[in-house]
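Take a look at the structure set out below.
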Amino acid sequence: MVSNVDTLLDSSRIEAFRSALLAWYETHQREMPWRGSPDPYAVWISEIMLQQTRVDQVRPYYDRFMKRFPTVEALGMASLEEILKAWEGMGYYARARNLHRAAGQIVERHEGKIPDNPAQISVLPGIGPYTAAAVLSIAYGRDCPVVDGNVVRVLSRLFHLTDDPAAAAAKKQMAALAERLLVTGRAGDFNQAMMELGATVCTPRQPDCGGCPVSSFCLARRELPDPSVLPRKQPRKQRPHHHVAAGIVRRGDKILIVRRPMDGLLGGLWEFPGGKSEDEAAMEEFLRNDLKRKLGIEIRVGRVLATVRHAFTHFEMTLHGYDCTYHGGEARHRDGNECRWIRFEDYEQYAFPRAHIRLIETMKESEGSPQPASATQSELSAQSGPSTKNLPNA
DNA sequence: AAGACGGGGGT
DNA sequence: ACCCCAGTCTT
């Protein structure tokens with residue numbers, strides 16, 4: 001589509017485009033705590049948090065995180081456990097693990113200063129092409145164009161690009177166009193303006209072309225009845241649905257939690273032990289066998305304390321939380337996962353996956369939280385039946 | 001090139 | 001119910 005691209009790429013039109021975009025950004029940008037004074041550390045943290053995560057979700061996490069870890073040195077001193085706890089609920093926990101490693105490297109190799117050049121910043125864990133360009137342009141004013149999901153969408157429509165943006169050739173083309181349009185000397189503003197435009201005006205569905213400052217430059221607007229068909233979206237597979245049994249295993253006034261391995265899903269987080277069951281009808285038996293096999297403990301499985309539905313990107317899960325009582329064994333995980341007996345009220349000191357948090361909240365609401373050892377079996381069974389009140393679509 | 005990796009909000 | 005997000009890393 002060279003001819004399409006050329007339509008906009010003459011210097012006077014590019015200048016007009018830049019002026020319109022920057023003028024719009026000046027008056028329409030949203031308030032964000034990391035804007036204003038470009039502290040490289042603040043920019044770095046915000047950009048990591050903003051990976052695949054919306055501004056409004058990041059905001060409260062960012063404020064708490066910066067209060068807790070105000071500098072690279074503070075972050076470098078922190079344990080992974082502290083950082084994961086601060087990250088709890090935001091997802092993509094590899095970001096927190098990479099932040100922990102990167103902070104250590106920045107303190108040790110760069111005297112606590114975020115690198116200001118592509119070669120050094122790009123090798124830090126968790127910093128890919130987008131984040132490198134974002135930090136370098138916003139914090140250091142370097143002329144590096146960013147290409148994120150917003151920019152891909154804006155450019156696809158602006159230039160009527162119909163290729164799959166996931167393809168290598170399309171990525172190259174996007175990068176070249178962003179580079180060509182970039183306002184030299186104001187790269188940070190330009191990049192943020194493009195992203196802000198994509199996030200608030202040139203949205204995936206029902207873009208506000210009437211409110212767009214650069215609609216007169218937009219080829220999709222001119223040539224298509226509906227610009228929102230771009231960028232070309234590829235067909236998605238449907239997600240499988242799994243049933244997971246988790247045991248809230250009581251031993252006196254303690255309950256058992258197990259830490260997930262560092263790599264993989266929800267890496268480094270704590271959870272109630274259990275696993276995926278093929279047979280939804282035989283969850284209790286599965287759970288008893290599963291904890292025997294993985295942890296070497298004997299349990300008695302009681303009633304369902306709470307049931308939670310939870311959607312991940314690539315699968316869906318119904319999490320069944322069972323009231324269990326301990327009946328012997330050492331609680332040593334066969335794969336070496338750390339096991340810990342904690343008091344129920346101490347769970348807030350550990351980072352849990354969202355689904356397990358909701359399990360805990362549901363148990364507390366229904367007064368089905370694990371009872372002190374003094375409670376008899378009859379007292380427990382006298383309580384209300386399985387709680388499914390937080391189970392959407394059930 | 002494709003898949004793994006969370007969670008929330010918009011439509 | 002489905003879409004997709006201020007992406008990165010691994011295979």
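Order of the sequence lines fixes the chain letters, A, B, ..., with proteins taken first and strands second; residue numbering starts at 1 for each chain.
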State, without any angle test, whether [X] and [Y] hold a side-chain donor-acceptor pair at a distance under 3.5 Å.
X: A:Thr318; Y: A:His242; value: no
X: A:Thr184; Y: A:Asp143; value: no
X: A:Ser12; Y: A:Glu15; value: no
X: A:Arg153; Y: A:Thr203; value: no

Earlier contact from the 5' end, DNA chain C, for A:Val55 and A:Pro125 |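 Looking at the nearest nucleotide for each, A:Val55 comes out on the 5' side.
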Could you check whether [X] gets within reach of a base, just the sugar-phosphate, or nothing at all, counting any heavy atom under 4.0 Å?
X: A:Gln206; value: sugar-phosphate
X: A:Gly267; value: nothing
X: A:Arg260; value: nothing
X: A:Met49; value: nothing
X: A:Thr203; value: nothing
X: A:Phe312; value: sugar-phosphate
X: A:Gly198; value: nothing
X: A:Ile127; value: sugar-phosphate
X: A:Met32; value: base

[N], OP1 or OP2 - any side-chain N/O from [X] closer than 4.0 Å?
X: A:Tyr92; N: C:dC5; result: no
X: A:His310; N: B:dG7; result: yes
X: A:Lys237; N: B:dG3; result: yes
X: A:His314; N: B:dC5; result: yes
X: A:Gln51; N: C:dG7; result: no
X: A:Arg205; N: C:dC3; result: no
X: A:Thr313; N: B:dA4; result: no
X: A:Arg153; N: C:dC5; result: yes

Between B:dG3 and C:dA6 - P atom distance, rounded Å =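 The same atom, P, in both gives a distance of 23 Å.
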Using the P atoms only, state how far C:dT8 lies from B:dG9, rounded to an integer number of Å.
->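 The answer is 23 Å between these two P atoms.
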Upstream residue (5' side of DNA chain B) when A:Gln234 and A:Gly91 are each assigned their closest nucleotide =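 Between the two, 5'-proximity favours A:Gln234.
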Which residue lies toward the 5' end of DNA chain B, A:Ala355 or A:Asp56, if each is placed at its nearest nucleotide?
->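 Residue closer to the 5' terminus by nearest nucleotide: A:Ala355.
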Name the closest nucleotide to the A:Ala168 side chain, picking from B:dA1, C:dA6, B:dG6.
->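 That would be B:dA1.
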From the list C:dT8, B:dG6, B:dG7, which nucleotide is the closest neighbour of the side chain of A:Pro353?
->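 That would be B:dG7.
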Separation of [N] [atom2] from [X] [atom1] (nearest whole Å):
X: A:Tyr93; N: B:dG6; atom1: OH; atom2: C1'; answer: 6 Å
X: A:Leu265; N: C:dT8; atom1: CG; atom2: P; answer: 20 Å
X: A:Ile121; N: C:dT8; atom1: CD1; atom2: P; answer: 11 Å
X: A:Phe315; N: B:dG7; atom1: CZ; atom2: C1'; answer: 12 Å
X: A:Asp263; N: B:dG6; atom1: CG; atom2: C1'; answer: 17 Å
X: A:Arg354; N: B:dG9; atom1: CZ; atom2: C1'; answer: 13 Å
X: A:Gln57; N: C:dA6; atom1: CD; atom2: P; answer: 12 Å
X: A:Asp164; N: B:dA2; atom1: CG; atom2: P; answer: 8 Å

Just one of A:Lys292, A:Arg293, A:Arg288 clears the side chain to side chain donor-acceptor pair (under 3.5 Å) bar with A:Asp290, so which one?
->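 Checked A:Lys292, A:Arg293, A:Arg288 against A:Asp290; only one passes side chain to side chain donor-acceptor pair (under 3.5 Å): A:Arg293.
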Applying the side chain to side chain donor-acceptor pair (under 3.5 Å) test to A:Glu81, which of A:His100, A:Gln349, A:Arg259 qualifies?
->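 The option that passes is A:Arg259.
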Hey, does the Lys NZ or Arg CZ of A:Arg64 hover above the aromatic six-ring of A:Tyr61, less than 6.0 Å from the centre and inside 45° of the axis?
->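 The answer is yes, since A:Arg64 meets both limits relative to A:Tyr61.
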Searching all strands shown, indicate the nucleotide that pairs with B:dG6 (Watson-Crick or G-U wobble; both distances under 3.5 Å).
->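 Here B:dG6 is not engaged in any pair, so there is no nucleotide opposite it.
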